[in-house]
Number of protein chains: 2
Amino acid sequence: MTTLKDVARASGVSVMTVSNVINGVPRVGAATRERVLRAIDDLGYEVNLTARRLRSGTSGTVALVVPRADHPYFGELAAAFTTALRATGRHLVIEQSGASKEGELTALSQARLQMYDGVLLSAVGLQYADVDRLQPDLPLVLLGEKPMPPQFDQIQLGNVEGARLATAHLLARGARSVALFGGTAAPSDGGMQDQRTQGWRAAHEAVGRTADDRLLILDPGDLEMAPSRKTIRDAVSNGLELDAVFAITDQSAIGVIAGLRDLGLRVPQDVQVIGFDNLEIGEHVWPELTTIDPSNDWLVAQAVRLLERRMRGDHGEAEHLVTPVSLVERGSTR
Amino acid sequence: MTTLKDVARASGVSVMTVSNVINGVPRVGAATRERVLRAIDDLGYEVNLTARRLRSGTSGTVALVVPRADHPYFGELAAAFTTALRATGRHLVIEQSGASKEGELTALSQARLQMYDGVLLSAVGLQYADVDRLQPDLPLVLLGEKPMPPQFDQIQLGNVEGARLATAHLLARGARSVALFGGTAAPSDGGMQDQRTQGWRAAHEAVGRTADDRLLILDPGDLEMAPSRKTIRDAVSNGLELDAVFAITDQSAIGVIAGLRDLGLRVPQDVQVIGFDNLEIGEHVWPELTTIDPSNDWLVAQAVRLLERRMRGDHGEAEHLVTPVSLVERGSTR
DNA sequence: ACGGCGTGGTGTATCGATAAACACACCGTA
DNA sequence: TACGGTGTGTTTATCGATACACCACGCCGT
């Protein structure tokens, strides 16, 4: 590998001058600059970023900590962040936390280790207190789904509002028994599933009804398609009567639709289904999936903006944002 | 940030001794080691990987260069690699090349820049000669879909065989006009699309027929769902007669199925459809997608194995592997 | 003639970790 | 007493890039 020293020797100047040429420092004469540039070209020199990083104390890399990288929602998120960060010349490294507190803490400690310039943390297992203990100067944006310490920037999806919108849509379309797929029985950590459950209840109350807890179907395991499919099938076979399902994620909604089809039920004629996330795939499955759009692009743009601000050293007031949500009506509801 | 120096000062020894304790070098007395470990604990010291990297000349990261990170196939690939590499303590960075030669060359030059320990390159735009020029000691595994210089390790999907299998399946199920969606008119770069087109032709010849070039529908743009859907719709509306489609990827197959449905055609009764990639989603859409399984897990495992070998400095003969493929029969074919 | 100043460029120390050579006390043995 | 070996630590140099202080030189005005 060729280094500054090689270039310096080849062009008969000091390493410092070469460094200055590379960084566009104006105290280099035109002739010298010419000579150095030619040498750089001849030798095919490229800066060693590791060295530059050590010197500057930055890494040019941002970590995205997610529970599972292979879930389509996080896949789309990761791709969007990769693109958004490239515009600022930074790289994204994905850390999988396995949705556990330990995994997330490890990732954060790794974060210091790797000298990431910033961290985007999709907190699932971490609690308020865990995050509260973190050094407050770490450029960290919480994509948290639950209440988190105010000293950190934070962007939440409009979970309650989105779930309310979804449920209200089903009710408005004549549904009488709106099951909630993937909810939580009792509010526990205030996380995403809690919030969407809350929206489901709120929508019922808004029309003077009460959500029926027997229609609350618990998360069958990471909300993946295959277990979701089996779970809804078992629930309905066991006599659960429903004419609509609000599935807490698009991924599980696709599983739910598959499960209903296994039973010979038609969507939306027999059972209406609505999801949450607005995955690209939802537009092309059959029936096309009605869903809630959580404005992911907006979330990504804001997260990058906030992170850039922190990475520039701004220690101003933390921002707490909630994404706008909207209903995307397609064929899986009437 | 606390450094070795701080720990050394706190425990009254030299930095080198601290370093030795951390790295388990056995030339440290038990009492001293105790003292140092306590200091490390007290100060919450963690090694600075950037410095270690500069010193050791490695980076602990591997780059995966793909055309588009947001395509589900590459998403699944990236997640699988992230997991596989974590087992060896390494990180994955995803570089998007935009499927262009320039993008891929930039990524490779970046690769040197970033001092990646290795590169997994899904070559689309690069030609034989471009890759041939690369320094042969770069730990590089080509996930290339086309013929590449023999000095590099290379894993190809069983494209020809898979496409043959897919087409043969359709023919065996009584299809008379098997369209190829996303093929290439004339072999150009020997890439994935050429190879799968070749398999489509081969399957026809194997049963004494000749593939009809009017049934060859060109790639409408990155094989994404929305353009695929529109393209198949236009083709059929314009009078193209077909009773089966081999879509070159699952992603486009899902678009094709949606497009056919737009026209009121039933899958598989009116038109059978088969894909290629065995994406997880294919199992849960309706009709469930018949497809070719390219053994992705096998590919990932082999790629990591080969890369590890190179990163260990092995300069032995390069391996050229082809993944085994198999037919996954589901509901989109009869 | 001489101090002052701008231009162009060079040494030196530093970021944090580590390999390799070196220092030194202590022991047994000839 | 002299000498080699062993067990523990320390010093020095280095990875490659860069911040900062400093220096050489020519030109100016007084």
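The structure displayed is predicted, hence computed values, not measured ones. Throughout, protein chains are lettered first and strands after them, A, B, ... in sequence-line order, and every chain is numbered starting at 1.
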Give every pair of a protein N or O atom and an N or O atom of nucleotides 14-17 of chain D that lie under 3.5 Å apart, one pair per line with the distance.
unit_1, atom_1, unit_2, atom_2, d
dT14(D), O2, Arg55(B), NE, 3.2
dT14(D), O2, Arg55(B), NH1, 3.3
dG16(D), N2, Ala51(A), O, 3.4
dA17(D), OP1, Tyr45(A), OH, 2.2
dA17(D), OP1, Asn48(A), N, 3.2
dA17(D), OP2, Leu4(A), N, 2.6

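Of the residues in residues 28-43 of chain A, Val28(A), Gly29(A), Thr32(A) come within less than 4.0 Å of DNA chain C through at least one heavy atom, sorted by number.
Thr58(A) pairs by the side-chain contact (heavy atoms from CB on, under 4.5 Å) definition with Ser56(A), Asp117(A), not counting sequence neighbours. Applying the salt bridge (Lys or Arg N to Asp or Glu O under 4.0 Å) test to Asp222(A) and every residue at least two apart in sequence or in another chain returns Arg68(A). Residues meeting the side-chain contact (heavy atoms from CB on, under 4.5 Å) test with Ala84(A), sequence neighbours left out: Val300(A), Val304(A). Here Asp297(A) pairs with nothing under the side-chain contact (heavy atoms from CB on, under 4.5 Å) rule; sequence neighbours left out. When the side-chain contact (heavy atoms from CB on, under 4.5 Å) test is applied to Leu120(B), the partners found at least two apart in sequence or on another chain are Val62(B), Leu64(B), Phe81(B), Leu92(B), Val141(B), Leu143(B), Ala303(B), Leu307(B). Evaluation of the salt bridge (Lys or Arg N to Asp or Glu O under 4.0 Å) rule for Asp130(A) yields Lys101(A), Arg133(A) as partners, not counting sequence neighbours.
Side-chain contact check for Glu224(A) and His71(A): at least one donor-acceptor pair (N or O, by modelled atom type) lies under 3.5 Å.
Between Thr17(B) and dT10(D), a side-chain N or O to OP1/OP2 separation shorter than 4.0 Å is present.
Each side chain to side chain donor-acceptor pair (under 3.5 Å) pair with one or both residues in residues 2-14 of chain A, not counting sequence neighbours, appears once here: Asp6(A)-Arg9(A), Ser14(A)-Thr17(A).
Position along DNA chain D of the nearest nucleotide to Met16(B) versus Asn20(A) favours Met16(B) as the more 5'-ward residue.
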